[in-house]
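Input: a single structure, listed below in structure tokens.
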Amino acid sequence: MTQHARDQERASPPLRNDGPLARYRMMRRIRSFEERVGELFLRGESAGSMLHLSIGEEAVVGLTDAMEEGDTFTTHHRGHGVFIGRGGDPARMMAEIAGKAGGYCRGKGGSMHIADRALGHLGANAIVGGGIPHVVGAGITARNIGAGRISVAFFGDGAMSQGILYESMNMAALWRLPVIFCCINNQYGMGTRVDRSAGRVDFAARAEAFGLHAAKADGADVEAVHARSLQLVQAARAGEPGFLEIDAYRFFGHARMDKSPYRTAEEEAEGRKRDPLAVARARLAETGVASDDDLKAIDVGAAAEMDAALAHAIADSAPPLASMFEDVFDASTCAPEPQSVRLARVLSEARR
Amino acid sequence: MTQHARDQERASPPLRNDGPLARYRMMRRIRSFEERVGELFLRGESAGSMLHLSIGEEAVVGLTDAMEEGDTFTTHHRGHGVFIGRGGDPARMMAEIAGKAGGYCRGKGGSMHIADRALGHLGANAIVGGGIPHVVGAGITARNIGAGRISVAFFGDGAMSQGILYESMNMAALWRLPVIFCCINNQYGMGTRVDRSAGRVDFAARAEAFGLHAAKADGADVEAVHARSLQLVQAARAGEPGFLEIDAYRFFGHARMDKSPYRTAEEEAEGRKRDPLAVARARLAETGVASDDDLKAIDVGAAAEMDAALAHAIADSAPPLASMFEDVFDASTCAPEPQSVRLARVLSEARR
Amino acid sequence: MAAIETTYRDAVRLALRDAMRDDATVFLIGEEVGLYGGAYGVTKGLIEEFGAERVMDAPISEPAIIGAAIGAAMTGLRPVAELMYVDFAGMVMDQLANQAAKSRYMFGGQIGVPMVLRTQGGTGRSAAAQHSQSLEAWMHHVPGLRLVMPATVNDAYHLLRDALRQPDPVVVIEHKGLYAAKGSLDVEAPDAPWGQPKLRRSGDDLTIITYSRMVLEALEAADQLAADGVSADVIDLRCLNPLDDALLVERVSRTGRAMVVTEAALTGSVASDIAARLQETCFDWLEEPVLRLGGEDIPIPVSPALERGSIPSAALIADVARWLVTREAPAWAA
Amino acid sequence: MAAIETTYRDAVRLALRDAMRDDATVFLIGEEVGLYGGAYGVTKGLIEEFGAERVMDAPISEPAIIGAAIGAAMTGLRPVAELMYVDFAGMVMDQLANQAAKSRYMFGGQIGVPMVLRTQGGTGRSAAAQHSQSLEAWMHHVPGLRLVMPATVNDAYHLLRDALRQPDPVVVIEHKGLYAAKGSLDVEAPDAPWGQPKLRRSGDDLTIITYSRMVLEALEAADQLAADGVSADVIDLRCLNPLDDALLVERVSRTGRAMVVTEAALTGSVASDIAARLQETCFDWLEEPVLRLGGEDIPIPVSPALERGSIPSAALIADVARWLVTREAPAWAA
Ligand SMILES: Cc1ncc(C[n+]2csc(CCOP(=O)(O)OP(=O)(O)O)c2C)c(N)n1
Ligand SMILES: Cc1ncc(C[n+]2csc(CCOP(=O)(O)OP(=O)(O)O)c2C)c(N)n1
Ligand SMILES: [Mg+2]
Ligand SMILES: [Mg+2]
């Protein structure tokens, strides 16, 4: 375990088993984080505009919270929330989104390529479906040399159209791998609503046809997601792979530049009513698990944490230019020859 | 329509609607053809050893016979039978398999790349799954400018593991295209039996999950295949795409060099009992549709036809060397520069 | 009709619109080409004019999109398939190289695949390693595929229209950094005949050969060089495959110095191929080796400074050209 | 241990066997690698020794096979993924180039992908356009991927074993026409250090640079040339990327004449890249341009005569080399 991961563990609340209130807190942290990512962009401090916010999809915490330390996962381009759910450090994430030296990937990856190997994150992916088969491989590792570890692929409804998903599902079922495929259905792939991309919109039926345990959970209800997740995680640990669809709604545009002209204001208003934070908050208050003050304290704490992450990212420095040649290959081997070196070799007067 | 296609039409029996006896005859022609392909190989006259015989899969005629003129189709590497079922000329096929100038593809394609555009054949494919999406495109053509034409993709059980199949099925269902996906399940992909390649061996369930009409038919019974096919073809013409699994058995090895050590002699013996020719023959005799003599005459006629095809292929000449530069691009545009020309340009004494 | 001022983005859109008006068999298929109007806004408005059957929003199924376009092309339509980013080429090279490019050949001339694949590549938007590549070299290596890459507004229009007249598959790679570029479009006057490169600027001291966005950098470099008394040709390749190298040979044998510039990772790039060809053909006229300048051999980093630093700029091109001509090394080479 | 006589096929198998014996994390995944023993018989017997969990027969799902290997490599195993034919690369380039090759970089050094992709390519079996290609150029153009192509029995063993010691992804492309080739294998003595080319024959008049099966053709050509009094170097590249060009530069600057030979379609080939590099570096020593000789720019035809005629042979290499050295054109060039 790296120093960072240890610090992380001390700083953050335990990842699981402390129930609905912890899950609410985690969801709030995710939302606050994403709001700050939006701010980073507006302040012109993000590396590029390919920023995909997971606001509306926070109930994914129901699954991340059912996973255990040592479990691995891959995410998609809209993966900030999943990663925070698994313990990601918001400050290093934000710095990466800003393309800074102190970011998770030293400013090489950005929003769509965040990872923290120490936390089991095998990488976010900007190729729709690209990270899905990697959990099959992690499942093989678990089967061949592991001990009870599962691996979870998180992806959007758009990836339901990618062939590699079905190839991966088939392998997981065939080899009985400890793997879960989690589709975060936010109803849209960019501007395309699921009923315009799927001939039959019953994703669980597809997974079942390939031999997986399949379930669909209400993405407005993190506890419903959690209950389903616990079942699927248990089955996966026993070598029975699963599929979970989290039925959610993408609150905002596809990326920061998109104002969603392809859908109506009414539809958006309806969709945003399916707010997992509002639902969880109301239930916690109703059931007396937390007072309004408790909840406010959580909200304020999350806001402060993410303000600090934002400030950290802005203050962090850009990576040194020469670092671009690092990490192409492992440092123990060789680095690519910079062009300047080749040109000097070719053009130096010493040539003749 | 090309001259060849017209000749073809005169020479061959009408393709459909003349019932079980015609289907028997067609199946016999296919088997005789494949036997001659084996002979071509043994005589060292085939272009290479990548020869995949469709013996045992002749009931595919149940579907080819349900198609109509103008319908298009793509086939896989084991596609001789399908093509003969749609009117392919055995002599030109055999010449192509021998890599000769008079072959369907002028000796450029070989066994795995036979086509006759005039007969609706959009091409055989040596990439497992490679030809499947082409019928989606043909379906778009039919929808956009066509008149009732359907397009059928023929492929093996191995292609059930290819992601592009599911992408294609989804598109066909989504766009309601006049398309049929036909899986000729001969139980093996090379040495891998379907239960070692599929997590759940219920292919129709997969197709249904994607929104297709799906059916499975006994590949030992061409009439059962035909009955199912007529339903699916009718639905497809109305914009309701379908999936048909023909449940068959691969009688021989994967290709000519393969002696199938990965399966038992008992299994093979059992599998070969599921012989669509034997079943059809027995039924025709039983029901009095044809006498033993009638059937023998058919068998002998097919044998003679295919002997002639074999002789023709062997006698045909190799393509001229310079033809290798033709057909890279349409002849109306440009051909690639042969290396000899470039080298002469570079090295000719005139250079200086 | 007189020339109009417009953008590269709109020139592509006009080419699609005009082709679709002229030929009812032309249709578009790709992700977000319809309601969304294209990831970079290129196809905006076309679904309104031509309807959903000719402007087909496809599921995120790149291999099947290309495959469907192939099947449509085989059966009488003229598809324009859009691959949203050339970075996704790795999912479709089988359909592109094994199917589209080889069908005519494998089937002995019977089955042509008159389709166009439109895509875009390149850096400049901090889109990171999987959304910033220049992968034309993969297509360039495929016999049977034509490859064009427009650098100007006029070419954005004409190369696409010409591509849509070809009997064989053509890959058109646009550049994400050019969509907003302004320029003059004359729908009646292409910059050069189909298949030929274009001399965008002429000089005496060296010949800079490039394509796509690097043409702009090279022209700017030539300006800088002129101020220093170095006069450079700038050739825009336009059509990379098949390559008509007559103009290249003519100019390089005049100047005796050539530099091939690409935005792609240099190793295995189109620049290498052109340099190899040119030194074969022009050897006796060369004063210096044919020099290559390209992207560094690294994935594209997200940090804007690193991204910029990994790709040739006008300043770098000028520095290296000056070095090649005057033998004086730039400061950074010390 | 003394050298043994064996085949290229068995050398690959022995390398896999020894690596699997030495390292419990090594496993194979691919189509027909288990019960069938590999399409070309390379993995015969391994499933018996190592079991189905380490010799995994995979469904026909090339992208997911490579993807699964990547995930396994990320989590502590050392996968050897087999792509049955390099011709299927077009289905897996996304996983290979966007995932395997870029993971370490995109994730700032955190996640290495120590996997090996084994595949085979080339002509010689009338396998037609989709089963006879030489597509190394696609991989060669990917930063972060290592690429090796063994020509000899000894290299078939050692390059694979060395590949399995690398912390990053390595593509090993074997040649279908070499599997039955016989030669000497010394498991303790590689032909050259990892990463370096090997001078297989030395001469004075020109340097022939090549790799994979063409090494054999070049050696045969060198024999023929010797009979005519032309003496040729033959360099076997072995490791194509990253390329250590020291030996190439040394030899070419001595002979002043170089020829780069490939079986791949010439345009955009690795031969072009090497020629471009060499003329840059050796320009002042070159008597003649660096000449390229490759496959014709066509898909591979099935007819044996056409197939053979489209690929360099020993006779062609000798003819062109003689032409380059003596300036006497061969009869066919008249
Ligand atoms: C292979 C691939 N195709 C297309 C894209 C472009 N793209 C980026 S996100 C996206 C939509 C994805 O939708 P979904 O999977 O539902 O994820 P969401 O954005 O809704 O979270 C598309 C088409 C891509 N990045 N990768
Ligand atoms: C994409 C691809 N992967 C692998 C192969 C090698 N291959 C050729 S045939 C075959 C088995 C195909 O099985 P199936 O689809 O059931 O067809 P069958 O041979 O049984 O008719 C394989 C793996 C190929 N040609 N294409
Ligand atoms: Mg979505
Ligand atoms: Mg089969």
Side-chain angles (χ1 to χ4, degrees), chain A residues 72 74 96 103-110 112-118 121-127 130-146 149 151 163-168 170-171 174-175 326-334 336-337 342 345-346 351-352, chain D residues 24-25 27 29 52-54 56 58-77 79 81 91 94-95 98-99 101-115 143-146 166-168 194-195 242-244 249 277 279-284:
Chain A
T72 58
T74 62
E96 187 56 41
Y104 261 116
C105 312
R106 311 173 65 202
K108 282 177 175 145
M112 298 194 292
H113 304 294
I114 291 180
D116 183 343
R117 185 62 191 86
H121 195 346
L122 302 181
N125 221 299
I127 299 294
I132 293 175
H134 304 170
V135 303
V136 172
I140 294 171
T141 302
R143 184 195 66 178
N144 282 17
I145 61 171
R149 293 290 145 249
S151 192
I164 202 165
L165 170 63
Y166 302 98
E167 298 184 355
S168 300
N170 182 46
M171 286 181 177
L174 177 66
W175 294 326
E326 296 162 10
D327 303 325
V328 178
F329 298 111
D330 183 78
S332 71
T333 60
C334 67
E337 182 182 55
R342 179 181 54 88
R345 215 156 27 93
V346 174
R351 197 183 82 199
R352 282 162 208 268
Chain D
T25 66
F27 79 103
I29 183 168
E53 296 208 342
R54 291 184 67 196
M56 296 182 70
I60 308 177
S61 304
E62 285 80 7
I65 289 171
I66 310 305
I70 291 168
M74 286 173 164
T75 50
L77 296 184
M91 324 184 92
D94 184 70
Q95 285 296 320
N98 278 337
Q99 312 295 339
K102 293 185 177 53
S103 284
R104 184 183 293 284
Y105 197 83
M106 294 191 302
F107 305 134
Q110 292 182 78
I111 306 182
V113 183
M115 68 172 279
L145 268 195
R146 289 172 197 276
Q166 293 298 311
D168 292 303
W194 171 252
L243 179 78
D244 180 340
V249 172
R277 253 167 215 276
Q279 60 87 33
E280 280 181 336
T281 319
C282 302
F283 187 74
D284 290 339

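Every chain is numbered from 1, with letters handed out A, B, ... down the list of sequences.
- Neither the backbone nor the side chain of A:I132 comes within contact range of chain D, judged by heavy atoms closer than 4.5 Å.
- The distance from the NZ atom of D:K102 to the NE2 atom of A:H113 is 9.5 Å, given to the nearest 0.5 Å.
- Note: D:G144 leads D:G144, D:G195, D:A58, D:P114 in heavy-atom pairs under 4.5 Å with chain A.
- Between the side chain of D:Q110 and the main chain of A:Y104, a donor-acceptor pair closer than 3.5 Å is present.
- For the pair D:E53 (side chain) and A:N144 (backbone), a donor-acceptor distance under 3.5 Å is absent.
- Using a 4.5 Å cut-off between heavy atoms, D:E62 contacts chain A through its backbone alone, with no side-chain atom that close.
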For residues 69-77 of chain D, dump all side-chain donor-acceptor pairs below 3.5 Å to protein atoms at least two apart in sequence or in another chain.
from	atom 1	to	atom 2	distance (Å)
D:T75	OG1	A:T141	OG1	2.6
D:T75	OG1	D:G71	O	2.8
D:T75	OG1	D:A72	O	3.1

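- When the candidates A:V136, A:L122, A:I145 are compared by the number of heavy-atom contacts under 4.5 Å with chain D, A:L122 comes out ahead.
- The greatest number of non-hydrogen atom pairs below 4.5 Å with chain D, out of A:R106, A:R143, A:E326, A:H121, is found for A:R143.
- Looking at D:I29, only its side chain comes within 4.5 Å of chain A, counting heavy atoms on both sides.
- Within the 4.5 Å cutoff, the side chain of D:P59 has heavy atoms near those of the A:M171 side chain.
- Contacts between D:M56 and chain A at a heavy-atom distance below 4.5 Å involve the side chain alone, from C-beta outward.
- D:D168 places a side-chain N or O within donor-acceptor distance of the main-chain N or O of A:D330, the cut-off being under 3.5 Å.
- Put simply, of D:Q166, D:M91, D:R277, D:R146, the one with the most heavy-atom pairs under 4.5 Å next to chain A is D:R146.
- For D:P242, the part lying under 4.5 angstrom from a heavy atom of chain A is the side chain only.
- A distance-only check finds no donor-acceptor pair linking the side chain of D:D94 to the backbone of A:G130 [under 3.5 Å].
- Looking at A:A126, neither its backbone nor its side chain comes within 4.5 Å of chain D, counting heavy atoms on both sides.
- Atom CD1 in A:I114 sits 10.0 Å away from atom CZ in D:F107 (nearest 0.5 Å).
- In this structure, D:P143 and A:P336 have side chains that are not in contact, with every pair of non-hydrogen atoms separated by 4.5 Å or more.
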